[in-house]
Structure formats: structure tokens, C-alpha cells
Amino acid sequence: MMNLPSLVFALVMGFLMSLSITLATTFVRVGPTENFFWLWLEVWVVAYPVAIVCILIYRPAASKITGKILQKLSQL
């Protein structure tokens, strides 16, 4: 069952990550053009919902993997 903190986390993290990544990659691809904002917005509108879904799907597995990695590192 989805809980509210997980959903809010996904919304915030998805917003920040998709904004940052699409901004950087759009800038690299097209440079500082006159219509940069609109080109970037087109890409971001697609990336934001994808990022939210990916965070909701991958977060449990990523947390488990992180825990295992940290456990192995603490044994060194």
C-alpha cells in the first residue's frame, strides 16, 4: 500500500531530478537558443511523470541494495 510520505518524496525528488537532468541535457543538445525554455519544458513535461513512477517502483529495491552495500562496507 502506498503511504503519503513515499508519495510526497517521489513527487519532490522526481521534480528536482527531472528538472535538473532535463535542463542540463536540453542545454547541451540545443544551447542557449531563443526558444530554449519552451524546448526544455516540452522535455520536462514528459520526464517528470516518468521520474515519479520510476522512484515509486525502484525506491524499495534501491533501499535494500543500499542497506546491503552499507552492511558489507561496515565489515571492512
Side-chain angles (χ1 to χ4, degrees):
M1 183 72 151
M2 179 65 54
N3 60 22
L4 186 58
S6 291
L7 181 60
V8 172
F9 176 84
L11 292 170
V12 171
M13 183 59 82
F15 175 81
L16 295 172
M17 292 300 296
S18 64
L19 182 129
S20 303
I21 293 168
T22 59
L23 185 66
T25 56
T26 303
F27 187 78
V28 167
R29 293 281 296 172
V30 300
T33 62
E34 185 177 306
N35 62 341
F36 174 82
F37 175 78
W38 297 111
L39 292 171
W40 164 75
L41 189 59
E42 273 183 26
V43 175
W44 179 77
V45 165
V46 173
Y48 183 43
V50 171
I52 293 167
V53 170
C54 288
I55 290 167
L56 290 171
I57 291 170
Y58 299 137
R59 185 176 181 191
S63 294
K64 287 178 186 176
I65 293 167
T66 300
K68 288 180 182 182
I69 291 170
L70 292 174
Q71 184 180 29
K72 294 287 184 185
L73 289 174
S74 70
Q75 296 172 355
L76 296 179

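Counting begins at 1 with the first residue of the sequence.
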Worksheet entry | Pairs involving residues 30-54, ordered by first then second residue, that meet side-chain hydrogen bond (donor to acceptor under 3.5 Å, both in side chains) (sequence neighbours left out) |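 Counting only pairs at least two positions apart or across chains, the side-chain hydrogen bond (donor to acceptor under 3.5 Å, both in side chains) contacts touching residues 30-54 are S18-W44, T22-W40, T33-N35.
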Grouping I, L, V, M, F, W and Y whenever their side-chain heavy atoms are under 4.5 Å apart, do [X] and [Y] come out in a common cluster?
X	Y	value
V45	L19	yes
F27	F37	yes
F9	L4	no
V43	V50	no
L7	M13	no

Between [atom1] of [X] and [atom2] of [Y], what distance do you get to the nearest 0.5 Å?
X	Y	atom1	atom2	result
L11	L16	CG	CG	11.0 Å
L39	R29	CG	CZ	11.0 Å
K72	K68	NZ	NZ	9.5 Å
S20	F15	OG	CZ	9.0 Å

Worksheet entry | Closest non-hydrogen atom pair between L56 and A10, with its separation |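 Shortest heavy-atom contact: CD2-CB, 3.6 Å.
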Practice prompt. For residues P60 and I57, report the shortest heavy-atom separation together with the two atoms involved.
Written response: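 The answer is CD-O, 3.5 Å.
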Discussion item. Counting neighbours of CZ on F36 that are heavy atoms of other residues, nucleotides or ligands and sit closer than 6.0 Å, is the number greater than 12?
Written reply: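 Correct, the count exceeds 12.
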